Amino acid sequence: MPTMNMLQAINNALDIAMAEDERVICFGEDVGVFGGVFRATSHLQERYGKARCFNTPLVEQGIIGFANGLAAQGSVPVAEIQFADYIFPAFDQIVNETAKFRYRSGDLFNVGGLTIRTPYGGGISGGHYHSQSPEAYFAHTPGLKVVVPRNPYQAKGLLLASIRDPDPVLFFEPKRLYRASTGEVPEGDYQLPIGEAEVTKEGTDVTVLGWGAQMEVIDRAVELAEKAGISCEVIDLRSILPWDEDTVAESVLKTGRLLITHEAPRTGGFAGEIAAAIQERCFLYLESPIARVTGLDTPFPLTLEKEYMPDHLKVYEAIRASVEF
Amino acid sequence: MPTMNMLQAINNALDIAMAEDERVICFGEDVGVFGGVFRATSHLQERYGKARCFNTPLVEQGIIGFANGLAAQGSVPVAEIQFADYIFPAFDQIVNETAKFRYRSGDLFNVGGLTIRTPYGGGISGGHYHSQSPEAYFAHTPGLKVVVPRNPYQAKGLLLASIRDPDPVLFFEPKRLYRASTGEVPEGDYQLPIGEAEVTKEGTDVTVLGWGAQMEVIDRAVELAEKAGISCEVIDLRSILPWDEDTVAESVLKTGRLLITHEAPRTGGFAGEIAAAIQERCFLYLESPIARVTGLDTPFPLTLEKEYMPDHLKVYEAIRASVEF
Amino acid sequence: MTTTEDVHALAFMTGDEFHIPTYRLLQQDGTLFEGADVPDLDQDQEKALRIYRAMLVTRVLDERMMAAQRQGRLSFYMQCTGEEAAVIGAAAALDDADMIMAQYREQGALAYRGFTYDEFMNQLFGNELDYGKGRQMPIHYGSRKLHYMTISSPLATQIPQATGYAYGQKMAGEGHCTITFFGEGAASEGDFHAALNMAAVHEVPVIFFCRNNGYAISTPAHEQFAADGIAPRAFGYRMHVIRVDGNDILAVYRATQAARAIAVEKNQPVLIEAMTYRLAAHSSSDDPSGYRSRKEEDAWREKDPILRMQRWLTAKGWWSDDEEKALQESLRREVLETLKRAEKRPPPPIDSLVSDVYADVTPALQHQLDALKRHIRRYPDEYPKGARSLDPDVRAEGAADKPADDEQGGA
Amino acid sequence: MTTTEDVHALAFMTGDEFHIPTYRLLQQDGTLFEGADVPDLDQDQEKALRIYRAMLVTRVLDERMMAAQRQGRLSFYMQCTGEEAAVIGAAAALDDADMIMAQYREQGALAYRGFTYDEFMNQLFGNELDYGKGRQMPIHYGSRKLHYMTISSPLATQIPQATGYAYGQKMAGEGHCTITFFGEGAASEGDFHAALNMAAVHEVPVIFFCRNNGYAISTPAHEQFAADGIAPRAFGYRMHVIRVDGNDILAVYRATQAARAIAVEKNQPVLIEAMTYRLAAHSSSDDPSGYRSRKEEDAWREKDPILRMQRWLTAKGWWSDDEEKALQESLRREVLETLKRAEKRPPPPIDSLVSDVYADVTPALQHQLDALKRHIRRYPDEYPKGARSLDPDVRAEGAADKPADDEQGGA
Ligand SMILES: Cc1ncc(C[n+]2csc(CCOP(=O)(O)OP(=O)(O)O)c2C)c(N)n1
Ligand SMILES: Cc1ncc(C[n+]2csc(CCOP(=O)(O)OP(=O)(O)O)c2C)c(N)n1
Ligand SMILES: [Mg+2]
Ligand SMILES: [Mg+2]
């Protein structure tokens, strides 16, 4: 099996999708000749022509408006938003249009073919506007699916599944891992399921839950915890919406403890939803309060980014606090 | 004391603010001659001139962009978004700009003078796009304040406080109560505190928490519950961001039970945040899981709106279930 | 890229350098202007009558439904009144399989394509036969079979969508285009700018049809923009543009026909600005007396587009007063009958609350639905609409006369 | 409202009806075009030298900081190179108290206003003297004292803000205006459309200054729009517009001066399109060889705006090669010295993580800060920057040479 980094895996998934189905069309700012500022769409214009892989004018609301129409027509658009921080001009098209297209028309029309790819997250000295993790905004929006891969293998399989999914998918790519995360990735076609969490490590004392780049942080924290004699069960949520309550609840019923971690600010972050749902479902089994390790309730900083980030030490301390409660 | 409905109370607050400070400027779609589609800005153009109360072109991102600049200059803009459902084109200006203006400039510049008023919520046969309750989207955005009044008295006092607050405030007006809710409102100037919840009724068995139009629903439900012998403590959160964790926690430490209700869809709604924070803080005192009574995880419907709404019967049933857990 | 000549003396341009005229063919008395183009409609009685019929269908529907709204039988309504020529003339100039993405005031285009009063009514009352399953406010029509995109309230969102839809049509290569309608108010939204620019850059077969009817709710056009209407914006995108008298059926038809040829044959977008007037209130919730004069309204009432076309048809001997009277009466009768049928029909079943959020109902939504059903069973009298469809027998009865999905404008 | 004449023959307009020339005064050899306007700058040696100095300050800063970035001393950088005349010429035509709301490539305007190398460096290194408190990426400068709004990355958001700011200036009645700079790429955003339309409708003293430098990262202008540049968009708003050679300091200065008069005296907005070229990479993260040719770059390098101005100054006898050499050297030395100072300075204190989110730190944020401090105390070596300011003594020492707030470009 070849080794790929996450960008290669994403590029490979797009290549497979475009080769297989000529209705798949990739576009966004700088995605054409240049292959995108991160090069996720490298060579696609060369291979599939300018009509199927192209630069758009610099207007996110237009990119998604265009993509909605194209999907309604029956094409399979894969739109790139250059940074997740710049998805907000398209918020209306996503939240009021993409998400409600099928429902409002009674299924006469739908934009299920649409996939929106966008790099998210911190750890790259990007400051306010190249670091945000906006998944929770979209997770409050019925009609959307929200997917976040943690490594190249997951990225390829989940992206192929997203493109083929009958519903519109927001695909958040942890840009800090674009080149940093490498691993074996099958050359051929495969899909990973949307809406299913994955237990990446079994354990008995506490369940530690995250998604995307935060899984790497969790792994480091868990390593410390295991050394300290704490047995951790680790879950990668993978889909934020719909999210796999069953898998999480099952784990918590076993461990009695849950810690959730994400980079986004705490207040209104998706950990809140998970905590609320799980305390309801596992109330009598909880041995300590559900803990959250998150970004601060501030805009994303720069010079003190390291202090801001919910890193492995903070997660480790929270694991200990949860077990020692 | 005169009796006013909520629109009159809001209009009166704007009138006082404009009379007192000539930097206060009101604008938005149809707010000029016409006084807004709900007439919240009636007569203000007449009284203060076209330069201080005017129609804008039909472009929400422009309205808030303009308002941000005007606030940065030192004026005190009060911008109206005709329906909260139409605030999303301005999402970028609010979330990336308004919210981060002071922080990113190290306090060299700020848009603290800004207030955004917008009617929200269901119960008026408005379907998808005249019924949404988007407060949770903004509550995940550090730098904003989010305020929701429950009646005319609260509306006037909180709106005056919002206009004068040194931070930007989103002021969500429960439009179903615009004319339906009336009450005594002092003619003169007064303010109510932002960031403080209010215990509107004391009780011992369960804490029931909401905001805005939902407070009326809670009151009806609580009436039923009290008849059934359940003593309810009722809290109006009033400010969603920052929210008054202390008052809620204090109440729950006493009652041991918490029910939160809002109209917005459940997943990612603000009840999740409250539940997550309170279970952490009151873990050992909780006698039943924190309950949520919310809208369904769907776009807002029309014909079956009554079924969709988190009404008093659903709240009542949830109160019972919580106490009988 | 930009290549221009140099000047060495300072001069600002202001837009006074050019002038955008209004294309008009038909005078209010039903005769052509001297020297006017003669459109092919002049030779096509069948199409002319199809258009005229659609205008009357629309006018009668609007009158009756506004009355029904006033009587409290309907929650909300919006009229096309005064703009029938603009909307129907444009639709008639297209292929019936071209996509229409409208704002909300274009029921005339749908009527032209053959949407029946029953279909209109089912949407207006959000009953179980509504294609939209009772989820949107009245006037949010849609028909897959008639290539008419379901209306969405957020303004201007359909404009970049039309650009995308038309791009897909170009890729499909079947010779179709998309027309999108919008008001001069909606054209202020950022989505408008995005849509026109992208269409020009990517050479998309889309027609941007602006109904400049003078008002956006209470806001007059001169508070919406300072420029000479919407048309000069085309120059900012290098786009073909024409301004037309929106109350002149022949001019609208001819201009749109030519625009379609440019779109489909050259893959180039076109902007059409139709000058017209919203004769009625913005909606049933609005009272225009607060922001405009009776006199202004009356002046425009004299330019009624239906009357103008009727006079033309009559002069050509294609239409008579008797035919007019008979058609008006039969339409009125039909509206009332279908209205009665539609308002009595039961609402969509409770399960429709959670279907179509996703292609398949998710477990979480099924769970929420189940809980809701349990709750309604506890209080059936409090939720009569929802309770009805809990009982499979009632449900089956209601569904008995429901035609199969594919007859319904569905796929 | 729109009033136009009628036509009865079908004709689309396409924009070929008019032509927008480019205003140019100065040739590349430093002499004026024949018949060129003579701007007042021709009589104002002091201002001319202030402008020229700012150009060199900017060029030297850009060269050195890009080198520092390549050496790994700086995380990120963006150059103004090639666009100094556009940016500085515009700033020089304003009153120094007019507001500047820039995109990110306009450090030249800030240099013109007197921002010092120390001030630039403190921002670039996000140290404790950075007015922005180390919260934004390098090049996000701001200065309240110099009326230069802190840069924000989301493109085009500053354009409608400029309209609002200028509206406030008009209300204040002190005769000031706002200029907003943006690229031809950013002009595709919806915010651009909103800003220009609102400015025209509400008669706002704002100058929209577009740097059309040919590229938005890798996207060439011809994939950004199909039209003849940005200038014709003004016709869609009825706005004064001029296109100018952006590498011609005299033309930019003169055009902006005239635009300011229109803005401030008539309360009317103006659009200026400056034709120029981004000579460097988009940013330190970009490599333009993937999307444009060396040849194209070289052709533009010959049009270097600094060289052009230098030749003009020299011809006028206001500047000499010796002066050039001396200034270049002293600037280089100064950059290196300030760079060394700035990179050694400690970061902002840990408390700055939570201040300025709101006017006052909320209890919840204080709580989060306290928890963070406890955590850092447990692992001081893992967070050396944050740990430093936990210890009040270290903190005090670092702050000793920190000037008072009001000397810092603060209010
Ligand atoms: C994004 C958005 N903002 C505001 C509204 C509320 N609204 C509905 S119709 C309307 C006026 C539209 O005017 P115009 O586009 O000229 O169309 P007309 O009604 O004249 O046909 C407004 C402001 C909306 N539906 N969507
Ligand atoms: C809303 C938004 N979308 C995308 C970006 C990413 N981005 C930064 S600069 C840039 C290109 C800007 O080009 P232009 O406006 O022409 O300015 P120039 O760099 O040429 O000076 C892009 C796409 C951004 N900062 N903001
Ligand atoms: Mg209109
Ligand atoms: Mg550019």
Side-chain angles (χ1 to χ4, degrees), chain B residues 22-23 25 27 50-52 54-77 79 89-90 92-93 95-97 99-113 142-145 165-168 195 241-246 277, chain D residues 99 101 130-136 140 142-145 149-154 156-172 178 180 189-191 193-195 197-199 201-202 204 206 348 352 355-360 362-365 367 405 408-411:
Chain B
E22 64 173 22
R23 296 172 314 153
I25 302 178
F27 51 89
K50 251 189 128 157
R52 290 185 57 207
F54 52 88
N55 291 339
T56 61
L58 208 169
V59 54
E60 292 78 11
Q61 64 193 111
I63 293 171
I64 304 301
F66 181 95
N68 277 331
L70 192 54
Q73 179 270 339
S75 296
V76 183
D92 187 52
Q93 281 286 351
V95 161
N96 264 343
E97 296 291 315
K100 300 175 173 57
F101 220 96
R102 189 192 296 272
Y103 193 78
R104 74 180 179 211
S105 72
D107 204 21
L108 287 186
F109 300 95
N110 75 80
V111 295
L144 301 178
K145 291 183 175 173
D165 193 86
D167 294 306
L241 191 72
W243 68 282
D244 184 353
E245 200 180 306
D246 287 349
Chain D
M99 174 51 68
M101 297 179 80
D130 171 22
Y131 304 148
K133 303 183 189 165
R135 292 171 183 150
Q136 289 209 82
H140 289 66
S143 170
R144 190 167 178 83
K145 152 184 90 183
M149 181 61 70
T150 301
I151 300 300
S152 167
S153 315
T157 51
Q158 83 281 12
I159 316 180
Q161 289 170 15
T163 301
Y165 201 102
Y167 189 87
Q169 289 172 314
K170 174 177 151 183
M171 295 292 283
T178 294
T180 176
E189 292 281 5
D191 274 2
H193 176 54
N197 192 36
M198 291 180 80
V201 170
H202 294 298
V204 173
V206 56
S352 71
S355 59
D356 304 332
V357 180
Y358 296 98
D360 302 306
T362 61
L365 269 174
H367 188 77
D405 247 335
Q408 278 197 37

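Convention: sequence-line order gives letters A, B, ...; per-chain numbering from 1. Small disclaimer: the values here were computed from a predicted structure and weren't measured.
For B:Ala67, no part lies under 4.5 angstrom from a heavy atom of chain D. Heavy atoms closer than 4.5 Å to chain B are found in both the backbone and the side chain of D:Met149. Proximity to chain D is limited to the backbone of B:Leu144, based on heavy atoms less than 4.5 angstrom apart. Proximity to chain D is limited to the backbone of B:Asn55, based on heavy atoms less than 4.5 angstrom apart. Residue contact with chain B, scored on non-hydrogen atoms closer than 4.5 Å, is absent for D:Ser153. For D:Thr362, the part lying under 4.5 angstrom from a heavy atom of chain B is the side chain only. Proximity to chain B is absent for every atom of D:Thr178, based on heavy atoms less than 4.5 angstrom apart. In this structure, the portion of D:Val201 lying under 4.5 Å from any heavy atom of chain B is its side chain and not its backbone. Contact annotation for D:Ala172: only side-chain heavy atoms (C-beta onward) come within less than 4.5 Å of a heavy atom of chain B. Neither the backbone nor the side chain of B:Asp165 comes within less than 4.5 Å of any heavy atom in chain D. Only the side chain of B:Ser75 comes within contact range of chain D, with at least one heavy atom under 4.5 Å from a heavy atom of that chain. The parts of B:Gln61 that come within reach of chain D are both its backbone and its side chain, each placing non-hydrogen atoms under 4.5 angstrom from that chain. Contact annotation for D:His193: neither backbone nor side-chain heavy atoms come within less than 4.5 Å of a heavy atom of chain B.
Between chain B and the options D:Ala194, D:Pro154, D:Ser152, heavy-atom pairs under 4.5 Å are most frequent for D:Ser152. For chain D, the option among B:Gly195, B:Gly62, B:Gly143 with the highest count of heavy-atom pairs below 4.5 Å is B:Gly143. In terms of heavy-atom pairs under 4.5 Å with chain B, the best-connected choice from D:Ala359, D:Ala364, D:Ala199 is D:Ala359. Here B:Leu70 is the residue among B:Val59, B:Leu70, B:Asp107 with the most heavy-atom pairs under 4.5 Å with chain D.
The backbone N or O of D:Thr150 lies less than 3.5 Å from no partner atom in the side chain of B:Ser105, so there is not a single donor-acceptor pair. D:Arg144 places a side-chain N or O within 3.5 Å of a backbone atom of B:Leu108 that can act as its donor or acceptor partner.
The aromatic ring centroids of D:Tyr358 and B:Tyr103 lie 6.0 Å or more from each other. B:Phe101 and B:Phe109 have their aromatic ring centers separated by at least 6.0 angstrom.
Note on B:Arg102 versus B:Asp167: salt bridge recorded, some NZ/NE/NH1/NH2 to OD/OE distance being below 4.0 Å.
Residue B:Ala72 comes nearest to B:Val111 through the heavy atom pair N-CG1, 4.0 Å, listed as atom of the first residue, atom of the second, then distance. Shown here for B:Arg104 and B:Glu97, the closest heavy-atom pair between the two residues is NH2-OE1, 2.8 Å. Between B:Pro57 and D:Asn197, the shortest heavy-atom contact is CB-ND2, 3.7 Å.
One side chain, B:Gln93 or D:Gln161, offers a donor N or O that lies under 3.5 Å from an acceptor on the other.
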Could you go step by step and tell me if B:Phe66 and D:Tyr165 meet the ring-ring contact (aromatic ring centres under 6.0 Å, His included) rule?
CA-CA 7 Å; B:Phe66 181 95; D:Tyr165 201 102; over 10 Å; no
With salt bridge (charged side-chain N to carboxylate O under 4.0 Å, His left out) as the criterion, how do D:Asp130 and D:Arg135 come out once you've worked through the C-alpha distance, each side chain's angles and the decisive distance to 0.1 Å?
CA-CA 9 Å; D:Asp130 171 22; D:Arg135 292 171 183 150; over 6 Å; no
